[in-house]
Amino acid sequence: MIKVINWNINSIKSRLNHLLLLIKEEDPDIIMLQELKCETDKFPYVEFETLGYNLLINGQKTYNGVAILSKYPCEDTTSSLPSYNIDDNDQQARYIETICTINKKIWRFISVYVPNGQEVESEKYSYKLNFLERLHQHLNNLKTDQENLVIGGDFNIANQDIDVYDPKTLTEKLCFSLKEKKHLRKIINSGFSDTYRLLNQNITQFSWWDYRAGAYQKNNGLRIDYIFSNHTATNQLKESFVLEKFRTLEKPSDHIPIVSIYEENT
DNA sequence: ATGGTCGGTTGCCGA
């Protein structure tokens with residue numbers, strides 16, 4: 001069994017105890033994190049090495065930052081998404097990819113923090129769409145039919161009406177505009193499954209609620225965090241669920257962890 | 001109700 005968790009933690013420093021609680025309660029094999037808001041060499045390595053994790057960190061000061069924590073040894077780690085001449089000077093820490101060998105099978109894991117985009121048609125919105133295009137190209141170039149590929153991330157896009165609290169109000173708003181959805185669907189349709197949706201059809205479950213305006217109390221949320229897996233991995237998918245409890249703790253992240261469990265075919 | 005609340009950093013940005 002391989003238990004994978006994805007979580008936008010919104011500051012590793014502020015949420016250290018929540019992450020330790022998550023590990024204590026769920027004992028995941030792989031944890032993919034976003035928004036560390038911490039420089040690579042300031043990550044609290046010891047706490048997690050003590051718990052048996054290999055740590056792959058791509059951090060930066062104040063903003064962004066992604067990580068993969070793995071109980072299995074990792075190799076060939078890359079901390080940048082190729083630019084493909086689309087965005088040649090991208091310095092933001094939004095991507096990390098690594099390969100684990102688990103029971104002699106190759107599992108490639110990616111943790112990605114897609115740009116928020118600030119406002120539809122803004123400069124940052126273009127950067128968001130460009131980033132998604134780069135991600136799409138990179139995933140196509142991996143040609144990973146022979147291996148298992150699992151992508152966890154905060155994509156900052158809700159895919160369908162069922163994934164938002166009020167599709168009418170949110171039409172063409174940031175994180176629900178047609179251009180964003182088309183970019184997201186292009187990635188999914190290139191050979192991935194949305195693991196939570198695959199096993200929980202017709203259920204409205206959000207992964208993020210704004211800190212502002214009592215959004216959580218009103219359940220005004222969006223499902224923008226995902227675990228995607230390729231066909232090979234999805235064939236082994238057994239369970240997928242969210243841990244909404246982590247939005248009810250004191251000083252929570254505005255996002256909740258998502259869990260997907262794979263059972264290796266024998 | 002076109003507002004509000006966080007985190008990291010220091011008077012404001014990003015989400």
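None of these values were measured; they are calculated from a predicted model. Note: hydrogens, waters and symmetry copies are ignored here, and every other heavy atom, side chains too, is used. Letters go in sequence order (proteins before strands), and every chain restarts at 1.
Within 4.0 Å (heavy atoms only), Arg94(A) reaches sugar-phosphate atoms of the nucleic acid but no base atom.
Taking atom CG of Leu33(A) as the reference point, atom P of dG7(B) lies 16 Å away to the nearest angstrom. Taking atom CG of residue Asn220(A) and atom P of nucleotide dT2(B), one finds them 14 Å apart after rounding to whole Å. Distance Leu170(A) CG to dT2(B) P: 15 Å, rounded to the nearest Å. The CG-P distance, from Asn156(A) to dG14(B), rounds to 14 Å in whole Å. Across the protein-nucleic acid pair, Glu35(A) atom CD and dG7(B) atom P stand 11 Å apart, rounded to whole Å. For the pair Asp154(A) CG and dA15(B) P, the computed distance is 10 Å after rounding to whole Å. Between the CD atom of Gln60(A) and the P atom of dG14(B) there is a distance of 12 Å, given to the nearest Å. Spacing between atom NE2 of His255(A) and atom C1' of dA15(B) amounts to 8 Å, rounded to whole angstrom units.
Taking the P atoms as reference points, dT2(B) lies 26 Å from dC12(B), given to the whole Å. Remark: the separation of the P atoms in dG7(B) and dG3(B) is 24 Å, to the nearest Å.
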- Message: Between Lys179(A) and Leu129(A), is the side chain to side chain contact (heavy atoms under 4.5 Å, CB included) condition met? List the steps.
- Response: CA-CA 8 Å; Lys179(A) 274 189 201 171; Leu129(A) 299 183; 3.9 Å; yes

Are any protein N/O atoms closer than 3.5 Å to N/O atoms in nucleotides 3-6 of chain B? If there are, list each pair with its distance.
unit_1 : atom_1 : unit_2    : atom_2 : d
dT5(B) : O4'    : Tyr211(A) : O      : 3.3

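For the contact set between residues 112-129 of chain A and DNA chain B, defined by any heavy atom under 4.0 Å, the members are Tyr113(A), Asn116(A), Gln118(A), Lys124(A).
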Mind listing the side-chain donor-acceptor pairs of residues 69-76 of chain A below 3.5 Å, one per line with the distance, residues two or more places apart or on another chain?
unit_1   : atom_1 : unit_2   : atom_2 : d
Ser70(A) : OG     : Tyr72(A) : N      : 2.9
Ser70(A) : OG     : Tyr72(A) : O      : 2.6
Lys71(A) : NZ     : Asp27(A) : OD1    : 2.4

Would you tabulate the side-chain donor-acceptor contacts of residues 199-207 of chain A under 3.5 Å, counting partners in other chains and residues two or more places apart, or write 'none'?
unit_1    : atom_1 : unit_2    : atom_2 : d
Asn200(A) : ND2    : Tyr196(A) : O      : 2.7
Asn200(A) : ND2    : Ser240(A) : O      : 3.0
Gln201(A) : NE2    : Leu198(A) : O      : 3.2
Thr204(A) : OG1    : Ile162(A) : O      : 3.2
Gln205(A) : NE2    : Glu244(A) : OE1    : 3.0
Ser207(A) : OG     : Ile224(A) : N      : 3.0
Ser207(A) : OG     : Asp225(A) : N      : 3.0
Ser207(A) : OG     : Asp225(A) : OD2    : 2.6

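For residues 88-135 of chain A, every residue pair satisfying the ring pair (Phe, Tyr, Trp, His ring centres under 6.0 Å) rule, not counting sequence neighbours, is listed here: Tyr95(A)-His138(A), Trp107(A)-Tyr262(A). Among residues at least two apart or in separate chains, salt bridge (charged side-chain N to carboxylate O under 4.0 Å, His left out) pairs with a member in residues 86-104 of chain A are Asp90(A)-Arg134(A), Glu97(A)-Arg108(A).
Residues that satisfy the side-chain hydrogen bond (donor to acceptor under 3.5 Å, both in side chains) test with Asn141(A), not counting sequence neighbours, are Tyr84(A). Residues passing the side-chain contact (heavy atoms from CB on, under 4.5 Å) test with Lys42(A) are Cys38(A), Glu39(A), sequence neighbours excluded. Considering only residues two or more places apart in sequence or on other chains, Asn189(A) meets the side-chain hydrogen bond (donor to acceptor under 3.5 Å, both in side chains) condition with none of them.
Nearer to the 5' terminus of DNA chain B, by closest-nucleotide assignment, is the contact made by Lys173(A) (compared with the other of Ile12(A) and Lys173(A)).
Under 4.0 Å is where a charged nitrogen must lie from a carboxylate oxygen, and between Lys245(A) and Glu25(A) at least one such pair does.
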